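Here is the structure we will look at, set down as structure tokens.
Starting from 1, each residue takes its place in the sequence as its number. Computed from a predicted structure; not experimentally measured.
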Amino acid sequence: MSAIDDETVGPAQGRAQVRELIAAMTLEEKLAQLVGLWQGVDREGGAVAPLQDAMDTVEQSFADFAAHGLGQITRHYGTRPLDPREGRATLTAKQRWLKENTRLGIPAIVHEECLTGLAAWKAATYPVPPAWGATFDPPLVERMAARIGRTMAGLGIHQGLAPVLDVIRDMRWGRVEECISEDPYHVAVTGAAYVRGLQSAGIIATLKHFVGYSDSRAGRNLAPVHAGTREVRDVLEFPFEVAVRDAGARSVMNSYAEIDGVPVAASTEHLTGTLREEWGFDGTVVADYFAVAFLQTLHRVAEDGGDAAAQAITAGIDVELPTGVTYLQPLKERIEDGRLGMDVVDRALERVLRQKAELGLLDPEWSPDPAPARANGVSAGGVSADDVDTEEDRTLAATLAERSLVLLRNDGVLPLGATRPAPGRIAVIGPNAQSLSAMFGCYSFINHVLPHHPDCDTGLGVETVEAALRREFTAADIVTERGTGVDDGATDGIPAAATAAAGADVAVVVVGDRSGLFGRGTSGEGCDADDLELPGAQRALVEAVIATGTPTVVVLLTGRGYALGWLLDTAAAAVQAFFPGEEGAAAIAGVLSGRVNPSGRMPMSLPRGAGAQPYSYLHPPLGAASSVTNIATEPPVRYGFGLSYTRFGYEDFTVDAETVDVADAIRCAVTVRNTGDREGAEVVQLYASDPVASVTRPLAQLVAFARVPLGPGESARVHFTVPTRLLGFTDRDGVRIVEPGDVGVSVRRDAGDVIVEHTVRLTGEVHIVTGAEPRISTVDIS
């Protein structure tokens, strides 16, 4: 059957036609468009979502559930191992069934997780978001997202549940590995690049998790947010504002959290006031999985499922995901007995149908069949189902991994063989040296789903670090010892590891995290930490190897930053790798050999210890060490830090004007020069400070950056235009303003290492921010 009348449902017909469609729908058909359907999930094992026992206990057939239509198909590819070709065929059959067997014939939106690549069996898997942040290379992230989007489009997918724009506030939180950075500007620029890339392929990007989720008490998942209104507006909301207003994101997912006693899933203030009325967002708001039901079961602000549904849809959640727990029968009962007006349902429905129209799903000529393949086997929509991990994916994943690796310490031992004879024997030690899963984050298919299918292979050609080192150092004798597990606390293998190290020219110790879900890992969703030492007995292993006197290189494969001050004082070298994806092992080997010159910079401050959390370099004066407390706060590694195998110098930092109108922009430039003897890339970082303001302000904040590749002796002039809007804040009356007065503008090697600084005076009256001002600095390199 076709959708009512052909002339009413074309994608370009506008709101009037969508409203005509709505007027022809029954209540059951309306509610069906506001929910997803999740099939094939392990309903008892808690495999891929928290507290998924909120789902109905009996799984209905597709035909029974979707008899009145269906809003979304949930994770068709991402719930169990499914060959892409088979998955495309079964998805096509489902969409054809909707088209031919429901009264209105409206296809469903298909959504999948895609944070580190499409989370599906055999699909290319890229580094985690902290690695994106470490590259300081938004254009590269945009290319990655575009590639992910093309893969998804070729498989009949319409919506991706990414990027995560939560700002890192506490290293104990398990979902640090899903976040880009502790700096909101850094998150905003990088996240907006991901949105542009994904949506360039016709895939709806879904911003997660609006808002406050990462600022939970003690870093515990779903714990109440402990941020004031000013922190929420000026820090936590900023990346979402940029992604909506500047990048045009078409969907937003709510945060599970509560802010000052109000769950975000029921917050009209955030989901309607800020998002729609202030920012002008006109896309769809989708519920994080089971977030609507959680209003009753976890937050206890709703008396039953119908009350939860009424609160959520009134606040602004248009679509209940992953399935229809509350938006079907419970919401229907509320409407039928008059406790909720139909206008609220129609408002959400109009947004959903407009989005389906944008995707072409209301077009009478829309077909569920894959686009015809070109001569090269690639469909018009993207890649074919036969190849979801191409050579192009591999090359891009390798580049991202290489640029993300951060050299934290080097006493000259690296690159191996460059300043001394190449090592004849290398001891490769540690629990992550031979671990494939250590390359990936918790939202990779390998760590998210495959642990529940132990007999299934990874579907990807992935190397371990040990295997990559054997390929990189073909002339070396490589010996291996595990030493200990990631978190089992076992110490009986440490003596053998120390013996292997003592007999080697150099020891490479690969330690860190095991990413997983809900307590099944040391990093990942629901895998929070109350101790920021390396998990298990890994510190003891590293210390035993270092104690042998053999030069020791420590490779950290982690999802968060750990308290590593002790290691940085004793190891010969240390390399930080945030789960670097399918090409990560080769990238690590390349950095150790010198084939790759490390250029990554820390997207987060390494913590001094768990007792120093939450921490951000964006602290006001009283956030620093002082005589009023005995607790030191200075991190052992600051935000923005990273070493290279070459050297960079700075010259001629200038500002165009020493006075600037309070509503204009600061224009400045600096020359950066490679003063070493090999090619490398410097990350030029520009910070601003506001020494006197009407509310307390950070000692410094990032306002612009540029990744600048340079050959030996080469230089480049980097020009920055910084909108004064970036110096704005919410004042004592709750109004966002930019104040006149002196501000410092500085070039730094990291958040605390000032190279040169100028003072600029902002002149004029207090400027009230309207939203029309530029929010992102522009950079020109000559």
Side-chain angles (χ1 to χ4, degrees), residues 116 125-135 171 174 176-178 397-398 400-409 428-444 446-447 458 460 462-469 472 480 482-488 497 507-516 521-524 527 529 532-539 541-542 545 552-564 567-568 571 573-592 596 598 600 602-604 606 637 642:
T116 60
T125 309
Y126 295 90
V128 293
W132 312 350
T135 69
M171 216 58 66
V176 165
E177 66 165 71
E178 298 177 50
L400 270 157
E402 290 171 0
R403 294 183 184 179
S404 73
L405 299 179
V406 184
L407 183 60
L408 297 177
R409 172 177 166 78
V428 180
I429 294 166
N432 279 344
Q434 297 174 313
S435 171
L436 290 178
S437 65
M439 296 294 115
F440 305 103
C442 76
Y443 268 80
S444 68
I446 283 177
N447 286 334
T458 66
L460 294 174
V462 184
E463 275 189 315
T464 65
V465 173
E466 180 209 341
L469 289 173
E472 194 80 23
T480 62
R482 188 165 183 261
T484 186
V486 168
D487 61 344
D488 58 18
V508 177
V509 187
V510 189
V511 292
D513 278 318
R514 183 184 67 257
S515 188
T522 61
S523 173
C527 298
L532 291 176
E533 290 287 347
L534 287 173
Q538 291 183 90
R539 176 170 178 170
L541 172 65
V542 174
V545 172
T552 300
V553 178
V554 179
V555 175
L556 298 142
L557 282 166
T558 72
R560 60 163 62 87
Y562 282 99
L564 300 175
L567 185 153
L568 300 175
V575 176
Q576 173 67 61
F578 296 105
F579 300 134
E582 62 187 24
E583 292 293 327
I588 290 167
V591 164
L592 298 194
V596 175
M602 286 298 292
M604 61 190 80
L606 284 187
V637 174

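- Under the rule for a side-chain hydrogen bond (donor to acceptor under 3.5 Å, both in side chains), the partners of Glu178 that lie at least two apart in sequence or sit in another chain are Arg175.
- For the pair Asp487 (side chain) and Pro535 (backbone), a donor-acceptor distance under 3.5 Å is absent.
- In terms of heavy atoms, Ser515 sits closest to Cys442 at OG-N, 2.7 Å.
- Between the OH atom of Tyr562 and the OG1 atom of Thr522 there is a distance of 4.5 Å, given to the nearest 0.5 Å.
- Applying the side-chain hydrogen bond (donor to acceptor under 3.5 Å, both in side chains) test to Ser437 and every residue at least two apart in sequence or in another chain returns Ser435.
- For the side-chain contact (heavy atoms from CB on, under 4.5 Å) test, residues two or more places apart in sequence or in another chain that qualify with Glu472 are Ala589, Ser593, Arg595.
- Listed by chain and number, the residues in a side-chain hydrogen bond (donor to acceptor under 3.5 Å, both in side chains) with Ser523 are Glu177 (sequence neighbours excluded).
- Residues Ser444 and Val128 form no side-chain contact, since every pair of their non-hydrogen atoms from C-beta on lies 4.5 Å or further apart.
- The distance from the CG atom of Leu541 to the CD atom of Gln538 is 7.5 Å, given to the nearest 0.5 Å.
- With hydrogens and angles ignored, the 3.5 Å screen pairs no side-chain donor or acceptor of Arg539 with any backbone N or O of Leu534.
- Taking the side chain as every heavy atom from C-beta outward, Leu564 and Val637 never approach each other to under 4.5 Å.
- Panel note: side chain Gln434, backbone Thr464; no donor-acceptor pair is recorded below 3.5 Å.
- Checking side-chain atoms of Asn432 against main-chain N and O of Leu556 turns up no donor-acceptor pair under 3.5 Å.
- Taking 4.5 Å as the limit, every side-chain heavy atom of Val575 sits out of range of all side-chain heavy atoms of Ile588.
- Rounding to the nearest 0.5 Å places CZ of Phe578 at 12.0 Å from OG1 of Thr135.
- Interatomic distance, Leu400 CG to Thr116 OG1, rounded to the nearest 0.5 Å: 11.5 Å.
- Residues Arg560 and Leu532 meet the side-chain proximity criterion, which asks for heavy atoms closer than 4.5 Å.
- Take Asp488 and apply the salt bridge (charged side-chain N to carboxylate O under 4.0 Å, His left out) test, not counting sequence neighbours, and it matches no residue.
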Inset, instruction - Start with the C-alpha distance between Val596 and Leu405, add both sets of side-chain angles, then the distance that settles side-chain contact (heavy atoms from CB on, under 4.5 Å), and finish with yes or no. - result: CA-CA 10 Å; Val596 175; Leu405 299 179; 5.9 Å; no
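- Here the shortest heavy-atom pairing between Ala468 and Ala585 reads CB-O, 3.4 Å.
- With values rounded to the nearest 0.5 angstrom, Leu460 atom CG is found 4.5 Å from Thr125 atom OG1.
- Here Ala397 pairs with Tyr126, Glu582, Glu583 under the side-chain contact (heavy atoms from CB on, under 4.5 Å) rule; sequence neighbours left out.
- Considering all non-hydrogen atoms of both residues, Ala401 and Pro580 come closest at CB-O, 3.6 Å.
- With sequence neighbours left out, Pro598 forms a side-chain contact (heavy atoms from CB on, under 4.5 Å) with Leu407, Val591, Tyr645.
- Among residues two or more places apart in sequence or in another chain, the side-chain hydrogen bond (donor to acceptor under 3.5 Å, both in side chains) test is passed with Thr558 by Gln576.
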Inset, instruction - Quick one: do Leu567 and Val542 satisfy side-chain contact (heavy atoms from CB on, under 4.5 Å)? Show the steps, please. - result: CA-CA 8 Å; Leu567 185 153; Val542 174; 4.2 Å; yes
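- Annotation: salt bridge (charged side-chain N to carboxylate O under 4.0 Å, His left out) contacts of Arg409 (sequence neighbours excluded): none.
- A pairwise comparison of heavy atoms in Ala497 and Ile429 identifies O-CD1, 3.3 Å as the closest pair.
- In this structure, the side chains of Val465 and Met439 come closer than 4.5 Å at one or more pairs of heavy atoms.
- For Phe579 against Ala438, the heavy-atom pair with the smallest separation is CD2-O, 3.2 Å.
- When all heavy atoms are compared, the tightest approach of Gly581 to Phe440 is C-CE2, 3.6 Å.
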